Amino acid sequence: MAYTAKKTEEKKPVIAEIASNIQDAQSVVLVHYSGITVEADTELRKELREAGVIYKVYKNTMLNFAFKGTDCEALSKHLDGPNAIAISKDDATAPARIISKYNKKAPTLKMLAGVVEGNYYDEKGVAALAAVPSREELLGKLLGSIQSPIANLARVLNQIAESKGGAATEAQAE
């Protein structure tokens, strides 16, 4: 009996770690990772880390306990086999986008489901989320679309000024 109590005590910090990571997360993606090479896994982990994404492998029972009573509870039904979890506190699309990119290199790497900003997404929903550009890309496109009409107006006004200035210089030359 003392052995089981000891085992339970050892699991509590791991469950608390998972719970604290998913608590304020923008997105949590559950990944089936079997069949990925060490090289591809290392690259994937490096890119996820650079994007500020926490990517870890935990036992399914630990994940199940940590998910209870949270938005991630819907992910519990997918806890079967070798799973990893990708958590982002800043960019809601980063885990899905990066894992989807690596899915092309390692076809056995599969996104099972995810919770983004409190909403559950199945495999197809997470795949669709992967197609959404990052926040920085979206802001850049927005800025570009805002600047475009202004730049066009400035160009037209400049051409008008040049044409009027050109006509004035010709008149003075005569």
Side-chain angles (χ1 to χ4, degrees), residues 7 10-148:
K7 286 288 242 182
E10 290 174 0
K11 294 176 184 179
K12 283 184 181 179
V14 177
I15 294 169
E17 175 189 346
I18 299 167
S20 71
N21 283 337
I22 65 173
Q23 186 176 15
D24 298 324
Q26 288 283 316
S27 67
V28 177
V29 177
L30 192 62
V31 182
H32 183 77
Y33 70 87
S34 72
I36 187 170
T37 64
V38 173
E39 181 183 327
D41 188 50
T42 305
E43 279 182 48
L44 171 66
R45 287 174 184 267
K46 181 179 183 262
E47 189 164 340
L48 286 168
R49 194 173 29 258
E50 287 171 355
V53 177
I54 300 166
Y55 179 79
K56 285 195 171 187
V57 175
Y58 292 105
K59 289 187 175 187
N60 289 334
T61 53
M62 303 287 183
L63 290 171
N64 194 28
F65 282 123
F67 289 165
K68 284 191 176 154
T70 67
D71 292 335
C72 297
E73 195 164 2
L75 297 176
S76 294
K77 63 185 172 191
H78 299 286
L79 294 175
D80 185 35
N83 295 317
I85 189 169
I87 305 163
S88 177
K89 299 218 181 237
D90 304 321
D91 187 353
T93 62
R97 195 176 57 254
I98 295 168
I99 292 167
S100 177
K101 180 176 123 183
Y102 276 88
N103 185 297
K104 293 171 182 82
K105 292 180 184 177
T108 56
L109 186 69
K110 181 177 163 185
M111 292 183 289
L112 299 173
V115 173
V116 180
E117 296 176 346
N119 299 315
Y120 169 79
Y121 293 92
D122 62 359
E123 185 178 348
K124 289 180 183 175
V126 176
L129 182 69
V132 175
S134 71
R135 184 175 190 272
E136 289 77 25
E137 289 176 58
L138 290 173
L139 288 173
K141 287 180 182 181
L142 175 66
L143 183 62
S145 65
I146 290 171
Q147 286 180 333
S148 180

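From a predicted model like this one, the values you see are computed outputs, not experimental measurements. Numbering starts at 1 and runs along the sequence shown.
- The CG atom of Leu48 sits 5.5 Å away from the CD1 atom of Ile99 when rounded to the nearest 0.5 Å.
- Once rounded to the nearest 0.5 Å, the distance linking CG of Asn60 with CZ of Phe67 reads 9.0 Å.
- A side chain to side chain contact (heavy atoms under 4.5 Å, CB included) with Ile87 is found for one member of Val53, Val115, Ile54 and no other, namely Ile54.
- Side-chain N or O atoms of Glu47 include none that pairs as donor or acceptor with a backbone N or O of Glu43 at under 3.5 Å.
- The nearest pair of heavy atoms linking Gln26 to Asp90 is CG-O, 3.5 Å.
- Not a single donor-acceptor pair under 3.5 Å links the side chain of Ser100 to the backbone N or O of Arg97.
- The environment of CD in Glu50 is crowded: more than 12 heavy-atom neighbours from other residues, nucleotides or ligands sit within 6.0 Å.
- Expressed to the nearest 0.5 Å, how far OG1 of Thr42 lies from NZ of Lys46 amounts to 11.0 Å.
- When all heavy atoms of Ala74 and Lys77 are compared, the pair lying nearest together is O-CG, 3.4 Å.
- Rounding to the nearest 0.5 Å gives a distance of 6.5 Å between CG of Leu75 and OH of Tyr120.
- The minimum heavy-atom distance between Lys89 and Asn21, with the atom names listed, is NZ-O, 2.9 Å.
- Just one residue in the list Asn83, Thr108, Asp80 forms a side chain to side chain contact (heavy atoms under 4.5 Å, CB included) with His32, and that residue is Asn83.
- Closest of all the heavy-atom pairs between Asp41 and Tyr55 is OD1-CE2, 4.0 Å.
- Counting only N and O atoms by type, the side chains of Thr93 and Asp91 include a donor and acceptor under 3.5 Å apart.
- Here CG of Leu44 is found 8.0 Å from CD1 of Ile98. Values are rounded to the nearest 0.5 Å.
- When each of Val57, Ile22, Val29 is checked for a side chain to side chain contact (heavy atoms under 4.5 Å, CB included) with Ile85, only Ile22 meets the rule.
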Discussion item. Is there a side chain to side chain contact (heavy atoms under 4.5 Å, CB included) between Val126 and Leu30? Walk through the geometry before answering.
Written reply: CA-CA 10 Å; Val126 176; Leu30 192 62; over 6 Å; no
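- Taking NZ of Lys59 as the reference point, atom CZ of Phe65 lies at 12.0 Å (rounded to 0.5 Å).
- Between Gly118 and Asp71, the shortest heavy-atom distance links the atoms CA-OD2, 3.5 Å.
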Practice prompt. With side chain to side chain contact (heavy atoms under 4.5 Å, CB included) as the test, would you mind laying out the steps for His78 and Glu123 before giving the verdict?
Written response: CA-CA 10 Å; His78 299 286; Glu123 185 178 348; over 6 Å; no
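- Taking both residues in full, the closest heavy atoms of Pro95 and Ala86 are given as CB-CB, 3.8 Å, listed atom of the first, atom of the second, then distance.
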